[in-house]
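Have a look at the structure below before the remarks.
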Amino acid sequence: TPPAFVTTPPASPLSSRVTSNPSQADPALRPGTPEFFRERSRLWHADPATLREAAEAGQPAAMSRLASVYEEGLRGVEPSLEQALAWALRGAQAGEAEAMRTLSRLLKGRGQSEEAERWFANALEAGSLEASRLSAGKLESVAAKTVAFAGLRKEAARRAQFDDPLALILLQKDSFVRGEAAEHRAWVEEGLKLGLRTAYLYSALLERVKRAPDHALCADQFRKAAELGSAAGMCGLARCYAFGKGVPQRDFKAAEAWLLRAEQQGGVDVAFERVWLAHAKGDSEDWVRRVGILIQKPESSGHRRHWADLGVHLIEVAAQLGPRARKFTLGGAYRALSRGAPQWSMDGRAAYYTGVGLMQREIPHPEATRLSSSAQLFKRAASLGDLRGLAAWGDCLLRGQGVPQDVQGGLSALVKAGEEGGASAHERLGAAYLEGIGAALPKDERRAFEYYELAASADDVASLLKLT
């Protein structure tokens, strides 16, 4: 157990905080002012010498950033918990809310829970976005939580007007978690202007899940995130090297090297990425072993995006396996998808496959809401550009499965999916016309087989069977 780090925190939030404020010489840079947020943006990518000079001159934004640099070992600095604590304390004493939150987290890691809680309370009262996010997440009432997060987003958006990096990072993560794709992309674009590593990471993830991704751009964005200390960016770049996408050639040594760096950086479970590396190498024995280990892990061991990503991978691999291996792999896939929230991956495939899992009762779910939940997942997949999701959503509308029946809306969605190349949409249209759906869609065998032929020409197995 490390010796206690003495901070003499106030007995009650802000009531007896250290009174000396190094920024008094420049009131415009007091924590919370527009100029303070702009100054934080200016110092975000500053070299350690510039940061230390500004911190020594009494700038709270520099103190807080320097604490993070020492904590994470950024800009070539050797990680130092003692230096991180010292600068977080100085920033906290100067009234910088995020420095208080950093100090609280560091103290908690040292087992100084009581002091950590008091500094957290100070951070919350002083307006720390991160402390506010954590506090809102602990609220039990859904209504109270909704109001709290709405207020947090409003305040973060206000600060983002002044290019506050921490506000933009929060808004990117929040929109990602809520699955608001358009809003998320907008905040990512703002983050890219400031060169934020989270923006590079999210930009790469958004590019990777497109139907026709620009792999070179994807690898470049992962690299930029990785070079700024993002462990997730390092993992993404490792996968690019493993499959030879966006890089000159496959390079398993480079992939291993980036995974090792990610592991040393911390904050990610590289066990998920090693599954992809084993698959890329064609080492089926190692792949099966690693998948088995992951599936046996507790749900809390991985980020929900990782579980969703793993589920998609297993389903796509299962399609290439024999019946027995396919059944085993699909079981693991649906187990992984049940742990992953599709919106965390911004991946239409994850939403679609999870919807299929619910529809087929492969994923446990309350029966009363099974179909409606499945339909909403298909709708979400459609909104993210997944053609199978769009076709499945159209089918739900057509048949009134989990949603109010809307035959014309369903036909429109299916026709659109078919026109954009979705073979499953043509197969579903063929089935609809072959069966007929009441007066709204009379049986029409001629049209049914026209659609089956279109689907069969795209190698849709179900349609091929209908035509034989």
Residue pairs, two or more places apart or on separate chains, that pass salt bridge (charged side-chain N to carboxylate O under 4.0 Å, His left out) and touch residues 240-255: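 As it turns out, there is no salt bridge (charged side-chain N to carboxylate O under 4.0 Å, His left out) pair with a partner in residues 240-255 once direct neighbours are skipped.
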Ignoring hydrogens and geometry beyond distance, is a side-chain donor-acceptor pair present between Glu180 and Ser175 at under 3.5 Å?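 Judged by distance alone, the side chains do not pair up.
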Under the ring pair (Phe, Tyr, Trp, His ring centres under 6.0 Å) rule, what pairs show up with a residue in residues 194-228, not counting sequence neighbours? Phe176-Tyr202, His184-Tyr202
Residue pairs fulfilling ring pair (Phe, Tyr, Trp, His ring centres under 6.0 Å) with at least one residue in residues 359-380, sequence neighbours excluded: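 For residues 359-380: Tyr352-Phe378.
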What pairs with [X] under side-chain contact (heavy atoms from CB on, under 4.5 Å), at least two apart in sequence or on another chain?
| X | result |
| --- | --- |
| Val77 | Pro48, Val69, Tyr70 |
| Glu140 | none |
| Arg335 | Ile295, Gln296, Arg339 |
| Glu420 | Arg211, Leu387, Lys416 |

Is it true that atom [atom1] of [X] has more than 12 heavy atoms of other residues, nucleotides or ligands lying nearer than 6.0 Å?
| X | atom1 | answer |
| --- | --- | --- |
| Glu285 | CD | no |
| Lys145 | NZ | yes |
| Gln320 | CD | yes |

Salt bridge or not for [X] and [Y], using N-O below 4.0 Å?
| X | Y | answer |
| --- | --- | --- |
| Arg101 | Glu98 | no |
| Lys224 | Glu227 | no |
| Arg239 | Asp309 | yes |

Side chain to side chain, [X] and [Y], heavy atoms closer than 4.5 Å:
| X | Y | result |
| --- | --- | --- |
| Lys173 | Leu170 | no |
| Asp174 | Trp187 | no |
| Val291 | Val317 | no |
| Arg159 | Leu168 | no |
| Glu78 | Gln83 | no |

Passes side-chain contact (heavy atoms from CB on, under 4.5 Å), Glu207 versus Gln221? Steps please. CA-CA 9 Å; Glu207 185 65 33; Gln221 299 293 66; over 6 Å; no
Applying side chain to side chain donor-acceptor pair (under 3.5 Å), can you list everything that pairs with [X], at least two apart in sequence or on another chain?
| X | result |
| --- | --- |
| Ser383 | none |
| Arg349 | Glu316, Asp347 |
| Arg40 | Glu96, Asp164 |
| Glu190 | Lys193 |

Apply side-chain contact (heavy atoms from CB on, under 4.5 Å) to Trp87 and Arg52, showing your working. CA-CA 10 Å; Trp87 284 110; Arg52 181 176 285 274; 3.6 Å; yes
Assess whether ring-ring contact (aromatic ring centres under 6.0 Å, His included) is satisfied between Trp307 and Phe272, documenting all intermediate values. CA-CA 8 Å; Trp307 286 115; Phe272 285 86; 5.0 Å; yes
Donor-acceptor pairs under 3.5 angstrom involving side-chain atoms of residues 257-266: please list them, not counting sequence neighbours.
residue: Gln265; atom: NE2; partner: Glu72; partner atom: O; Å: 3.4
residue: Gln265; atom: NE2; partner: Gly229; partner atom: O; Å: 3.3

